[in-house]
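Following: one structure in structure tokens, then a few remarks.
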Amino acid sequence: MSGAVRRQSGPFRAGDKVQLTGPKGRLNTIALEPGKIFHTHRGGVEHDVVIGQPDGSVVLGTTGEEYLALRPLLNDFVMSMPRGAAIIYPKDAAQIVAFGDIFPGATVVEAGVGSGALSLWLLRAIGPAGRLHSFERRDEFAQVARGNVTSFLGGEPDNWTVTVGDLVEELPGVVTPGEVDRVILDMLAPWECIDEVAEALTPGGVLVCYIATVTQLSRVAEAIRRTGLFTDPDSSETMVRGWHVEGLAVRPDHRMVAHTGFLMTARRLAPGAILPQLKRRASKTDFADEDVEAWTPGSLGERTATDKRLRKTARAAQAGAEFAVAAEADGAAPSSDQPDAAASAT
């Protein structure tokens, strides 16, 4: 679907996603359908009461309870959408977009696609002039990702491709060597793909790796260094701590989103360029692959969802996608060239 977008403003209409916040602060995201009722244990909210209201309205439930109605942000959608695989959290997606320098018109490769959360952030960042090539080994995950992206945007964008298969085998057939601006790897063993990624990246292009464990972090860094094709990698993690602010009661929240993963970035050198050696103190850095293999997820066993759960999640994502496409076809033309509004009921 060319120009798959989602309205960001204007009165609610049938097919729109709306986030309802109840009296106790509980969030629920629903898709508006004429004649339907959103049921809660404290009564319900008629969809027809919300349809036609401006964004940010307060509507009454069937028992007189007040509900705040807002269009969900992309952040809200990715936290509530059907998941086949663990998602990249918004705090990490924001860092990937920032440190990966994802820009409008960029050609970007991501592997794997997971449940499509990062794909949505990347599609928004590259805009309609960019290209996103997503790779996923498991067809079930690819189906979930397609369903979620379509559900959010109201259609599958023309500038996004999803290839099912191994990145090492499939990448050369999808992109031309040296034409990719950015590569994001979110996979179990990213060190296996470094040579192919280097071949695809343009000089100065950015490689971003999202990594779960410290042993993987070390192994990827050394693999990047051994190629001699990249700058020295930078590594970080992002932690977000909220604050309670009410009058003079100002304190950190009792809970925070701490470690979810490591980010590592490096840039592609020009062909034939040799990275200048940094002067450092001597340290014990020698190791063999066998030293870390025993502690990687490959040896410990990757935790994956069951086939039954994946089929259920794929059906939920596809149902959301079909509803969004039908709603967009029946509704007015979108009023913005940027995607917005999310999701499935939580």
Exam field: side chain [X] to backbone [Y], donor-acceptor pair closer than 3.5 Å:
| X | Y | result |
| --- | --- | --- |
| R137 | V164 | no |
| R267 | G204 | yes |
| E136 | G114 | yes |
| N148 | A317 | no |
| D232 | Q277 | no |
| T202 | G205 | no |
| K91 | T238 | yes |
| D55 | S9 | no |
| T150 | G147 | no |
| D186 | A111 | no |

When rounded to the nearest 0.5 angstrom, what distance separates [atom1] in [X] from [atom2] in [Y]?
| X | Y | atom1 | atom2 | answer |
| --- | --- | --- | --- | --- |
| L132 | L123 | CG | CG | 5.0 Å |
| R219 | W191 | CZ | CH2 | 5.0 Å |
| I51 | L32 | CD1 | CG | 5.0 Å |
| I88 | I96 | CD1 | CD1 | 4.0 Å |
| T107 | I126 | OG1 | CD1 | 8.0 Å |
| E196 | E170 | CD | CD | 12.0 Å |

Given side chains that start at C-beta, do those of [X] and [Y] come closer than 4.5 Å, heavy atoms only?
| X | Y | value |
| --- | --- | --- |
| S115 | F141 | no |
| W160 | V149 | yes |
| F103 | D181 | yes |
| T21 | L70 | no |
| R124 | F152 | yes |
| F262 | C209 | no |
| S235 | L217 | yes |
| V175 | R131 | no |

Grouping I, L, V, M, F, W and Y whenever their side-chain heavy atoms are under 4.5 Å apart, do [X] and [Y] come out in a common cluster?
| X | Y | value |
| --- | --- | --- |
| W121 | V206 | yes |
| V144 | L120 | no |
| V214 | V220 | yes |
| F99 | I184 | no |
| L167 | M264 | yes |

Would you name the heavy atoms of [X] and [Y] that are closest together and state the gap between them?
| X | Y | value |
| --- | --- | --- |
| A142 | V162 | CB-CG1, 3.9 Å |
| G127 | N159 | O-ND2, 3.1 Å |
| L185 | V183 | CD2-CG1, 3.8 Å |
| P23 | E65 | CG-OE1, 3.1 Å |
| V208 | G100 | CG2-CA, 3.8 Å |
| A125 | I102 | CB-CG2, 3.7 Å |

Among side-chain atoms of E110 and S134, is any donor-acceptor pair under 3.5 angstrom?
-> yes

Pair H47, E33: side-chain N/O donor-acceptor within cut-off below 3.5 Å = no

Presence of salt bridge, R71 and D16, under 4.0 angstrom = yes

Run the numbers on L269 and T231 for side-chain contact (heavy atoms from CB on, under 4.5 Å), then give the verdict.
-> CA-CA 7 Å; L269 296 175; T231 60; 3.9 Å; yes

Count the heavy atoms belonging to other residues, nucleotides or ligands that lie under 6.0 Å from [atom1] of [X], then report whether that count exceeds 12.
| X | atom1 | answer |
| --- | --- | --- |
| E237 | CD | yes |
| E66 | CD | no |
| H259 | NE2 | yes |
| R255 | CZ | no |

Passing candidate, side-chain contact (heavy atoms from CB on, under 4.5 Å) with [X], options [options]:
| X | options | value |
| --- | --- | --- |
| Q19 | T29, I30, L73, N28 | T29 |
| F135 | V168, L171, V113 | L171 |
| S151 | R146, Q318, K17 | K17 |

